[in-house]
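What you see below is based on every heavy atom in this structure, not just the backbone, and it leaves out hydrogens, waters and symmetry mates. Each chain gets a letter, A, B and so on, in the order the sequences are listed, and its residues count up from 1.
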Protein chains: 2
Amino acid sequence: MRADAQRNAEKLRAAAAELFQERGLKVPLKEIARRAGVSHGTLYNLYGTREALIDEVVTDLAAGRLDEVAEHALSFGDAWDGFAYYVEKVCELQATDPAVADVVSGRYPRAELLMAVCDRAQTASTRIIERAQRAGSLRPDFTSEDLLLVFGSSALLARAAAGAAPGAWRRGVAFLLDGLRTEAVRGPLPVAPLTTQQMYDVLGGLTANP
Amino acid sequence: MRADAQRNAEKLRAAAAELFQERGLKVPLKEIARRAGVSHGTLYNLYGTREALIDEVVTDLAAGRLDEVAEHALSFGDAWDGFAYYVEKVCELQATDPAVADVVSGRYPRAELLMAVCDRAQTASTRIIERAQRAGSLRPDFTSEDLLLVFGSSALLARAAAGAAPGAWRRGVAFLLDGLRTEAVRGPLPVAPLTTQQMYDVLGGLTANP
DNA sequence: ATCCAACTTGACCCGGGGGTCAAGTTGGAT
DNA sequence: ATCCAACTTGACCCCCGGGTCAAGTTGGAT
């Protein structure tokens, strides 16, 4: 590979990482090329597909952070606390970083590394779930598939609410967690209730996809 | 209005109702015209905007059914049962009819009648919620804004899961309801857990908007 | 210094959805 | 039967995003 191509590949990688983090993995490829200061033809030359570009940055963008959270969740003394921490933290990551959200829940089957990250996440989820279930604090009929769907939904909510009601997703997660633990503890909600206007705004963003 | 225009308006109304029910309120206007056997120019002549067309059919498509469910929910002897019935039934309506889903959660602020239906739904929700809270069976920090967001999320999930795992939304609703009631009752789940493959399929449909 | 393969560029293609409007057709009043 | 306003039509325009490729440029080996 020639030196200039190398440089361009790097510029594209950087631009992609930036834009993925700002706007998610579905950002137009031409826009990535524009930010990299390069023709979109060059992007196609060097990477060919969006998936290849994703695989190029997914490790930096998401893998490490997700692994960290999972690891920390397993280090909690109380299994339920670990589980709750995991759910909240993953949702928080998703809320603050659209790239993470799309990695966890966006399906790009052609992006091998992304799929690998996804599998790791599910494996971690399973371990955290089973630990809490063994401790008797998490309902036994909850599966890691359920959890990944929760992550997917929460990511959509968080993105829709980012402008009008940041943190709204925390209420949803709180309700859900209270339904998942075996004890009848109803924790206080972490965020104030939404106004009707906020709710309408969020609802609007929920169906109009970015 | 001339007789032929009248007929075309009716054909368009019918086609819109059909397609809205099949594919939701975002269906391309040109497709509605096609199904009506009419040029899309005519659609623009007679209705001008998507919102006008929506207002034309929203009452038939959604208003009555939503009102019915709300009314029935209030007729339950047990306030919690009424609340749970309401949540499940509205989600079920949404799952079986994309038009209802978009009416409840899709934001079309320019469609006056749709907004009216929406307001009615929120009013009904408030009454059902407050009744259950007065009875002490629903946690007091749950608001009608929360509920409408639940409806919005569930609608997305149901649509995404329609092909791969119909009924998957019921698990989510069940978890949530268990987190909303004050007693520590954990009902049995209404549907079998998803396979990993199903979960992946649903997750895919969740981000790829129809 | 030469030269060619490697690389870049941007014009161009596609399809999809929203929207407009001049030209042609037709209902129905007279 | 005539006639014109009301109506319909489909070609045309827009923007967007994905994708291709001939022509032009340039790195770097010789």
Given atom [atom1] of [X] and atom [atom2] of [N], what is their separation to the nearest angstrom?
X     : N      : atom1 : atom2 : result
A/L25 : D/dG18 : CG    : C1'   : 17 Å
A/R2  : C/dC7  : CZ    : C1'   : 4 Å
A/Y47 : D/dT20 : OH    : P     : 18 Å
A/N45 : D/dA23 : CG    : P     : 17 Å
B/M1  : C/dG28 : CE    : C1'   : 16 Å
A/L46 : C/dT9  : CG    : C1'   : 13 Å
B/K26 : C/dG18 : NZ    : P     : 12 Å
A/Y44 : D/dG17 : OH    : P     : 11 Å

Task: For B/Y108, ring-ring contact (aromatic ring centres under 6.0 Å, His included) partners two or more places apart - done: none
Task: Bending between helix ends of the helix from C/dA1-D/dT30 to C/dT30-D/dA1 [5 pairs per end, 10° resolution] - done: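 Here the helix ends are tilted 30° relative to one another.
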Carboxylate-amine/guanidinium proximity below 4.0 Å for [X] and [Y]:
X      : Y      : result
A/D67  : A/R120 : yes
B/R170 : B/E92  : yes
B/D102 : B/R159 : yes
A/R13  : A/E10  : yes
A/D141 : B/R171 : no
A/R181 : B/D178 : no

Open item on the list: Quick check on ring pair (Phe, Tyr, Trp, His ring centres under 6.0 Å): which of B/F83, B/Y85, B/Y86 does B/F76 satisfy it with?
Closed with: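 Running ring pair (Phe, Tyr, Trp, His ring centres under 6.0 Å) over B/F83, B/Y85, B/Y86 with B/F76 returns exactly one hit, B/Y85.
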Open item on the list: Whether the side chain of B/H40 and the base of C/dG19 hold a donor-acceptor pair under 3.5 Å is what I'd like checked.
Closed with: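 Pair found.
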Open item on the list: Nearest heavy atom decides the nucleotide; on that basis, is A/G41 or B/G48 closer to the 5' end of DNA chain C?
Closed with: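 Result of the comparison: A/G41.
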Open item on the list: Please determine whether side-chain contact (heavy atoms from CB on, under 4.5 Å) holds for the pair B/R65 and B/D97, giving the CA-CA distance in whole Å, both sets of side-chain angles, and the decisive distance to 0.1 Å.
Closed with: CA-CA 11 Å; B/R65 284 195 277 169; B/D97 185 340; 2.5 Å; yes
TODO: Any chance you could measure A/L53, atom CG, to A/Y44, atom OH, to the nearest 0.5 Å?
DONE: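 Going from the CG atom of A/L53 to the OH atom of A/Y44 covers 10.5 Å.
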TODO: For DNA chain C, find the residues of residues 28-39 of chain B with a heavy-atom distance under 4.0 Å and give them by number; none if there aren't any.
DONE: B/P28, B/L29, B/K30
Task: Residues within residues 4-19 of chain A bordering DNA chain C, heavy-atom distance below 4.0 Å - done: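 DNA chain C contact set from residues 4-19 of chain A: A/D4, A/A5, A/N8.
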Open item on the list: Near DNA chain D, counting only heavy atoms under 4.0 Å, which residues of residues 102-112 of chain B show up?
Closed with: none
TODO: Provide the full list of salt bridge (charged side-chain N to carboxylate O under 4.0 Å, His left out) pairs with a residue in residues 28-48 of chain B, sequence neighbours left out, each pair given once.
DONE: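 Matches after skipping sequence neighbours: B/E18-B/R35, B/E22-B/R35, B/R23-B/E31.
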Open item on the list: A/F151 and side-chain contact (heavy atoms from CB on, under 4.5 Å): which single residue from A/L156, A/V104, A/V100 fits?
Closed with: A/V104
Task: Polar contact flag, side-chain donor to acceptor under 3.5 angstrom, B/E145-A/T195 - done: no
Open item on the list: Do B/D146 and B/T143 pair up side chain to side chain, a donor and an acceptor below 3.5 Å, judged on atom types alone?
Closed with: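 Side chains of B/D146 and B/T143: pair found under 3.5 Å.
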